[in-house]
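We're numbering straight along the sequence, starting at 1. In listed order, ligands and their atoms are each counted from 1.
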Amino acid sequence: MADIETFKQENRVFAPPAEFVKNAAVSGMDGYNALCAEAERDYEGFWARLARENLQWKKPFTKTLNEADAPFYKWFEDGKINVSYNCLDVNLENGNADKTAVIFESDDAKVTRVTYRELHKKVCHFANGLKSLGVKKGDRVVIYMPMSVEGVAAMQACARIGATHSVVFGGFSAKSLQERVIDAGAVAVITADYQVRGGKQLPLKSIVDEALAMGGCDTIRNVVVYKRAGADINWVEGRDLWLHDVVANQPDACEPEWVDAEHPLFILYTSGSTGKPKGVQHASGGYLLWAVLTMKWTFDIKPDDVYWCTADIGWITGHTYIAYGPLAVGATQIVFEGVPTYPNAGRFWDMVQRHKATIFYTAPTAIRSLIKAAEADEKIHPKQYDLSSLRLLGSVGEPINPEAWMWYYKNIGQEKCPIVDTFWQTETGGHMISPLPGATPQVPGSCTLPLPGITAAIVDETGNDLPNGTGGILVVKRPWPSMIRTIWNDPERFKKSYFPEEFGGKVYLAGDGAIRNKDTGYFTITGRIDDVLNVSGHRMGTMEIESALVANPIVAEAAVVGKPDETTGESICAFVVLKRPRPTGDEAKAIAKELRDWVAKEIGPIAKPKEIRFGDNLPKTRSGKIMRRLLRVLAKGEDITQDISTLENPAILDQLKEAQ
Ligand code: PRX
């Protein structure tokens, strides 16, 4: 967890190596400042220039930004584009046809290389196959796939025919999948028979079957199944189709569907402060522009790079920095099926060595757990591997504590690789605040400065700017091309969540707190200011977990809070009141296990509470409001020193100290 005191005292500064600065796309602070100044001088002109220079348009746009219906902003609205064309065909035309697009490494270390020409063909077959099933522009397609070339191809195929995809992370339960299928009104699900991770086969297709059998998914006509493992699966005749049959005999070319720049490319569900996940809707043109620019600016991508982002395509990082960004800039990237700890915790470093990765982008949780593993076992310590190919490291998803930053810098980056600590969100589409590796001096634990054109600021509760050195609420003052367009099916919630009236209705509220350094103006993110937790970089709503718990017939009431955790950043601590007397001893342990499994079934294993505490009641005010601030203190195991005079039932606090 970000400890603000640690950051305030942090005064180590790491300037980019001279060699890096010399060759960087954005070279030195002069380069950075020049871009910022251009954006300030002529905001729309800046974005228009970049959109013309970095994307191929079927029909050029004449309008850059339309603010008439704010906060429903439109970018490049009269331009026609196709995202898949920009990721694939463009590379066939500019000499990258035989370049490796994807180095796929399976869980059991089998390596497959796919060139841009081959990927283009695969995506065209897939797109034509989907069309043969009647999937057309504007339809929604849910993708519930393992990390695979086919998963990326599925996303690209949807983009090619103008279908809006909604990828659901393979760790979500049948119930979560069903809710997303219903909300999106999807016509098809693309899945695999199994996913293979850490030497185990985990079912996917049977979870799809279960989800669709729960009811309400009447819009689904087909389930397309990629055969990954080949083990037996249940089959629904007339609905289920093998992917290899769907793509067989399809033409090698598929004319892209030219869509308006604002056409929804995808919906990605993420947690908010109510029980129901939000379908974050992204557009085509503006989203792709930022994917391309941040690949160039933040990752300084070069033709010879071997780029590796370890995220899953089920999250936004896997969308922008696996499925779209790297392809749109013609990069060679590693796509990895497995987990960092199989066959041992040296897997990442072994892969960097074998594939000569040059850019490596991962989450602080992964770094922290690999530090522990390396300290426990010399044999898989990074010093045993040749990591000399690396030239740039990245971090994403949660605050990186200075100790983990330093370890990453020394042991993985060999004190020569800049680290880009990229702050962004599902809603922002791409990086927002991050060092540029050939420009910005880095400070461990700080995401440093906003990218050019991004008007990030820190304000108080009424929207007034705060001076540097004072912590407050992170906002973005002007719209930017890759921003969320709306919440699918819920424009009112979109306005309320991100453009609340208290802030004038026009600034984007990120949901995070932040502070700027007094001298440098560098940003440090201090964590969510809403009821959203960040566990291992996975975003989860406390209300979502509470709703799952109270859906269990034995639970009367539940309150969930985050607890700082050394490895996962935060962990989930649930306070539960049962409809029966408070359990103790073995009974409490057994019920806690039952409830954990229940949450895994309701949401997914990532939402399992690490700790469950039982009480006869929850600490409440006289008006019946749960006092969450006390629960946070109890979760940390600290003594309560706050004023508890408004607490109706102080005796309950002792009961809630015991964790199961
Ligand atoms: O709290 C911030 C944290 O992750 C949240 C966004 O989560 P999600 O939409 O799942 O996207 C994660 C991948 C971009 C943010 O509101 N967060 C993300 N990156 C950082 C971060 N916190 C601190 N530092 C970061 N670099």
Side-chain angles (χ1 to χ4, degrees), residues 1-4 6-7 167 169 171-172 266-273 277-280 282 287 290-291 294 298 309-322 325 361-368 393-402 404-405 408 419-435 440 442-451 454 456 473-476 482-484 487 497-498 508-515 522-542 544 562 568-570 606-607:
M1 268 290 282
D3 171 356
I4 199 77
T6 321
F7 290 123
V167 184
F169 174 59
F172 277 120
F266 64 86
I267 305 164
L268 183 59
Y269 287 86
T270 190
S271 296
S273 43
K278 311 186 261 200
V280 173
H282 277 286
Y287 169 79
W290 201 227
T294 49
T298 321
C309 165
T310 69
D312 191 286
I313 52 167
W315 309 114
I316 190 68
T317 309
H319 280 58
T320 312
Y321 297 111
I322 295 177
Y361 188 38
T362 198
T365 291
I367 299 166
R368 288 190 294 260
L393 303 176
S395 170
V396 60
E398 41 176 332
I400 179 162
N401 47 311
W405 196 102
Y408 198 29
I419 298 181
V420 288
D421 174 3
T422 60
F423 166 81
W424 61 295
Q425 309 173 295
T426 305
E427 293 87 342
T428 69
H431 304 152
M432 297 298 277
I433 309 181
S434 170
T440 325
Q442 299 125 56
V443 170
S446 166
C447 51
T448 73
L449 297 169
L451 267 65
I454 301 300
I473 296 166
L474 180 65
V475 297
V476 185
S482 69
M483 67 193 294
I484 175 177
I487 293 177
S497 310
Y498 304 110
Y508 170 81
L509 193 71
D512 282 290
I515 185 166
Y522 276 15
F523 285 74
T524 290
I525 306 297
T526 52
R528 300 286 309 191
I529 51 170
D530 53 9
D531 296 321
V532 170
L533 305 182
N534 193 328
V535 182
S536 302
H538 297 150
R539 186 168 151 181
M540 259 165 301
T542 52
E544 228 176 314
T568 59
E570 266 185 304
I606 52 171

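The single protein non-hydrogen atom nearest to atom 1 (O) of ligand 1 is Asp512 OD1, 2.6 Å, given as residue, atom name and distance. Scanning the protein for heavy atoms near atom 6 (C) of ligand 1, the closest one is Trp424 O, 3.7 Å. Atom 7 (O) of ligand 1 has Arg539 CD, 3.4 Å as its closest protein atom, hydrogens excluded (heavy atom only). Here the protein heavy atom with the shortest distance to atom 23 (C) of ligand 1 is Pro399 N, 3.2 Å.
On a distance-only criterion, Thr422 and ligand 1 share at least one N/O pair closer than 3.5 Å. Here's the thing with Thr317: none of its N/O atoms is less than 3.5 angstrom from an N/O atom of ligand 1. The distance criterion of under 3.5 Å between nitrogen or oxygen atoms is not met by Ser395 with respect to ligand 1.
Ligand 1 lies within reach of Gly397, whose nearest heavy atom is under 4.0 Å from it.
Between the side chain of Tyr287 and the main chain of Thr320, a donor-acceptor pair closer than 3.5 Å is present. The backbone N or O of Ser395 sits less than 3.5 Å from a side-chain atom of Thr422, completing a donor-acceptor pair.
Close approach to Asn534 involves these atoms of ligand 1, each under 4.0 Å from a residue heavy atom: 3 (C), 4 (O). For ligand 1 and Ile525, the ligand atoms under 4.0 Å from any heavy atom of the residue are 22 (N), 23 (C).
Inspection of the Tyr408 and Thr362 side chains reveals no N or O donor paired with an N or O acceptor under 3.5 Å.
Not less than 6.0 angstrom separates the ring centroid of His431 from the ring centroid of Phe423. The aromatic ring centroids of His538 and Trp315 lie less than 6.0 Å from each other.
Counting heavy atoms closer than 4.0 Å to ligand 1, residue Glu398 contributes backbone atoms (N, CA, C, O) but none from C-beta onward. Residue contacts with ligand 1, taken as heavy atom pairs separated by less than 4.0 Å, do not involve Val532 at all. Using a 4.0 Å cut-off between heavy atoms, Thr426 contacts ligand 1 through both its backbone and its side chain.
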Output, in order, the C-alpha distance, side-chain angles, deciding distance and verdict of side-chain hydrogen bond (donor to acceptor under 3.5 Å, both in side chains) for Thr448 and Gln442.
CA-CA 7 Å; Thr448 73; Gln442 299 125 56; over 6 Å; no
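Applying the salt bridge (charged side-chain N to carboxylate O under 4.0 Å, His left out) criterion to Glu544, with sequence neighbours excluded, gives no partner residue. By the side chain to side chain donor-acceptor pair (under 3.5 Å) test, Trp424 is found to be paired with Tyr361, residues two or more places apart in sequence or in another chain being considered.
Ion pairing of Arg539 with Glu398 is absent here, as no side-chain N (NZ or NE/NH1/NH2) approaches a carboxylate O to less than 4.0 Å.
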